[in-house]
Amino acid sequence: MPHQAEALDPPAADRKKEQVAAVTTDRDAGKGPDMHAFWHSSSHVLAHAVKRLWPATKLAIGPAIENGFYYDFDREGGFSTEDLEAIEREMAKIVKANYKIERFTLPREEALALIREQDEPYKLEMVEALPEGEEISFYRQGDFTDLCAGPHVRYTRQIRAFKLTSVSGAYWHGDEKNKMLTRIYGISFPTRKELEDYLALLEEAKARDHRKLGRELELFLLSEAGPGFPFLLPKGVVLKDLLVDYWKKLHYEAGYVLIQTPMILSRKLWEESGHWDHYQDNMYTVTIDQEDYAVKPMNCPGAMLVFRSKPHSYRDLPIRMGELGLVHRHEKSGTLHGLMRVRAFTQDDAHLFMTPDQMADEIAGIVRLIHGLYTGFGFDYSVELSTRPDKAMGSVEDWTRAEGILAGVLDKLGTPYTVNEGDGAFYGPKIDFHIRDALGRSWQCGTVQLDFQMPQRFELEYTGSDGEKHRPIVVHRVAYGALERFMAILIEHFAGKFPLWLSPEQVRVLSISQQNAPYAEELLAALKEAGLRAELDLRDEKIGYKIREAQLAKVPYMLIVGDKETEGGTVSVRSRDRGDLGTLSLADFLARAEEEQASRA
RNA sequence: GCCGAAGUGGCUCAGCGGUAGAGCAAUUCACUCGUAAUGAAUAGGUCGUGAGUUCGAUUCUCACCUUCGGCUCCA
């Protein structure tokens, strides 16, 4: 049966996996019973409980999502925390009663009659949207019957362990012009143990929250003075610079050139690029000498101007033009989230200009570059190919050819990928890279997009071997995505315990008592000389206290120096992760540190 | 932007119609110390902002700002 499933489940459910708070684990996928049906049934139990407690509540939709389920209700005043507790108690009764979950179908007209009788306007709207002659399926458990495509588990008793996790507003059909409904989220499992494990995972995610660690580790600052505009603190700048250095090294090796384009550019340019018409709501504008300007929300137009600044021969191509560009976008206030979602961020952008027959090689080069970049952090990743959306520019033939080339490159490289039909940008198909972090969450970072729009709007051209003018192919890509966001992902992935090469402070020298200070200072100088980022703690505190502070600051190595070390000219090494490593000569320690940094482990 | 919740010293939080309190951090003093917290003392807050109610507001009401959980959007 083609299904109400599609009509009932908003597309947002599929995107859930990308969301900031979403937590997925490999453990959840594919094991045990079919969790989709399980969670879907759980949402019915939720709706059943709500209808029992407040019969006047209207039901909208209640699908399973990546992690659990929700149900949207229309109820005056919404639901309070106390209401949730009452609902959970009622759900427990429904589970305990162990109703059989039965499916039945009705012809469309009879289905409409039943729903009218139930007085469920949202359900009515859904069925009315279905084609004539369709058989409509319903599921019944005890005194509760809901329009639903299923599938479901067989008995309510199967849903032994559940928890309602949050309440939020959500628009009917996800459209803000529609009425705001109240959405109740929940999670459930066949056993108590699984629920506890899941809740523990949520706790772990909370403990790793980059906003908390960012403050504790003094990496960045968020201030009311600039909502969505993060301040980087000294240690945050060190981290960012490390990401930039690594990025530049890989890019120069891959034959890129780097540019920097202005932050503020004339309205005329944004009109030419199309942003003034299509992106103005997200742009910050200023008036300078009675002329309109905009702060760049994207780097593309600047790069196009650089390309167009002189004539090009096919012999110049490909040109791989990178830019670490700080862009500003007026994101809606409710979407801001730490460093993950901000209004000013640094894109590790690049625009590649090429001839059509260079496409396959260039795209392969980008995929390899991104692969190399991610593996340097130990990240595993997955790849998605997004194809032509309904409203797209460019001919269908161009799209098909371009999609074929993207897919061909991935196939040839042996990169596994999934296809998202119709999910490409209107100006070209794209490949997305999703990295998987230590908690099993996935984050979209890199994207490679063919751009059919910019070359045309900016009338870019090069002279071919035939002496004629040709329009170059432009590929637009990012690897980190946004540096600030990538930093946030790293913070959470490592729980603030960065590997040695990424630690803003790599070594801290701790003196045991005052008479060891001169030797400690000598050591500090030697460490710095060796290129390590080292600090010194000479305070008159007990060594246990200093160790505790260094440990909380998550410094990878502590060098403890007392009389013994001063006399022997050695260092006592303590590792953040492995504890006391004993006494080493400074040379030995430096050699080890160098090796560890080189391995990026 | 929308729905819901919250904003009290640097941090974590208590309090509440009669103009604020703890722990940690900070500062000072003493201790000179061997692998995750030595002790004592001191200082620090127009209780997010602005109105209103009241004899009196941090406390009640409203508006706004910011943050948090979602929706939406996305790097």
Side-chain angles (χ1 to χ4, degrees), chain A residues 10 12 15-16 18-22 70 72 77-81 165-185 206 209 211-212 215-216 218 221-228 281-282 297-298 325 327 329-349 425 432-433 443-447 477-486 488-489 510-517 539-553 558-565 572-576 579-583:
Chain A
R15 285 203 294 272
K16 191 71 187 173
E18 290 305 333
Q19 279 170 13
V20 162
Y70 67 79
D72 283 350
F79 297 92
S80 68
T81 313
T165 49
S166 65
V167 186
S168 76
Y171 300 103
W172 173 234
H173 286 323
D175 186 337
E176 60 184 284
K177 288 192 276 299
N178 286 336
K179 178 156 187 183
M180 170 72 72
L181 306 171
T182 305
R183 175 171 298 178
I184 299 180
Y185 284 91
K206 205 169 151 189
D209 191 316
R211 293 167 297 187
K212 176 173 173 277
R215 186 174 54 236
E216 288 172 4
E218 299 183 346
L221 178 71
L222 296 166
S223 162
E224 278 197 16
D281 288 350
N282 284 305
M298 294 178 193
V327 297
R329 298 180 185 176
H330 183 74
E331 301 296 346
K332 288 179 183 174
S333 59
T335 64
L336 303 178
H337 178 93
L339 289 188
M340 294 284 188
R341 188 86 186 150
V342 290
R343 284 174 170 162
F345 57 98
T346 312
Q347 280 187 313
D348 64 319
D349 235 324
D432 292 329
F433 292 75
W443 308 94
Q444 190 198 314
C445 291
T447 69
R477 45 112 288 186
V478 289
Y480 285 134
L483 282 167
E484 292 76 5
R485 189 170 115 101
F486 201 83
I489 294 168
L510 311 180
S511 61
I512 286 177
S513 67
Q514 279 165 10
Q515 71 265 24
N516 309 122
R539 293 174 302 167
D540 292 340
E541 295 289 350
K542 283 189 158 178
I543 196 65
Y545 181 84
K546 295 192 193 182
I547 287 171
R548 180 181 152 80
E549 292 216 329
Q551 197 74 38
L552 291 174
M558 290 155 248
L559 298 187
I560 293 148
V561 294
D563 294 342
K564 213 167 56 182
E565 290 76 15
S572 178
V573 182
R574 184 188 160 95
S575 151
R576 169 191 69 195
D580 192 351
L581 298 184
T583 305

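Quantities reported herein were computed from a predicted structural model and do not represent experimental measurements. Throughout, protein chains are lettered first and strands after them, A, B, ... in sequence-line order, and every chain is numbered starting at 1. Heavy atoms only: backbone and side chains are in, while hydrogens, waters and symmetry mates are out.
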Q: Please tell me which of A/Arg576 and A/Gln515 maps to the more 5' nucleotide of RNA chain B, matching each residue to the nucleotide holding its nearest heavy atom.
A: A/Gln515
Q) Of A/Gly481 and A/Glu224, whose closest RNA chain B nucleotide lies nearer the 5' terminus? A) A/Glu224
With respect to the side chain of [X], which nucleotide from [options] is positioned closest?
X	options	answer
A/Tyr545	B/rC73, B/rA25, B/rC33	B/rA25
A/Arg215	B/rC74, B/rU12, B/rU67	B/rU12
A/His337	B/rA75, B/rU66, B/rG69	B/rG69
A/Thr335	B/rU35, B/rA75, B/rU72	B/rU72
A/Arg341	B/rC71, B/rU12, B/rA75	B/rA75
A/Leu336	B/rU32, B/rA75, B/rU67	B/rU67
A/Ser572	B/rA75, B/rG1, B/rU35	B/rU35

Write down the partner of [N] under the Watson-Crick or G-U wobble criteria, each distance required to be under 3.5 Å.
N	value
B/rA41	B/rU27
B/rA6	B/rU66
B/rC13	B/rG21
B/rC33	none

Q. Does the distance from a Lys or Arg side-chain N to an Asp or Glu carboxylate O, for A/Glu541 and A/Arg548, drop under 4.0 Å?
A. no
Q | Electrostatic pair A/Arg183-A/Asp72, nearest N-O below 4.0 angstrom | A | yes
**Q.** Quiz item: A/Glu331 side-chain donor-acceptor pair to B/rG1 base, under 3.5 Å
**A.** no
**Q.** base_contact_polar (B/rA75 base, A/Arg485 side chain, donor-acceptor, <3.5 Å)
**A.** no
Q.
Suppose you measure atom C1' in B/rG9 against the same atom in B/rA14; what distance do you get, rounded to whole Å?
A. 14 Å
(Q) Restricting to non-hydrogen atoms, name the atom on A/Asp281 and the atom on A/His330 that form the minimum distance, rounded to 0.1 Å. (A) O-CB, 4.0 Å
(Q) Tell me the interatomic distance from A/Leu510, atom CG, to B/rA37, atom P, rounded to whole angstroms. (A) 14 Å
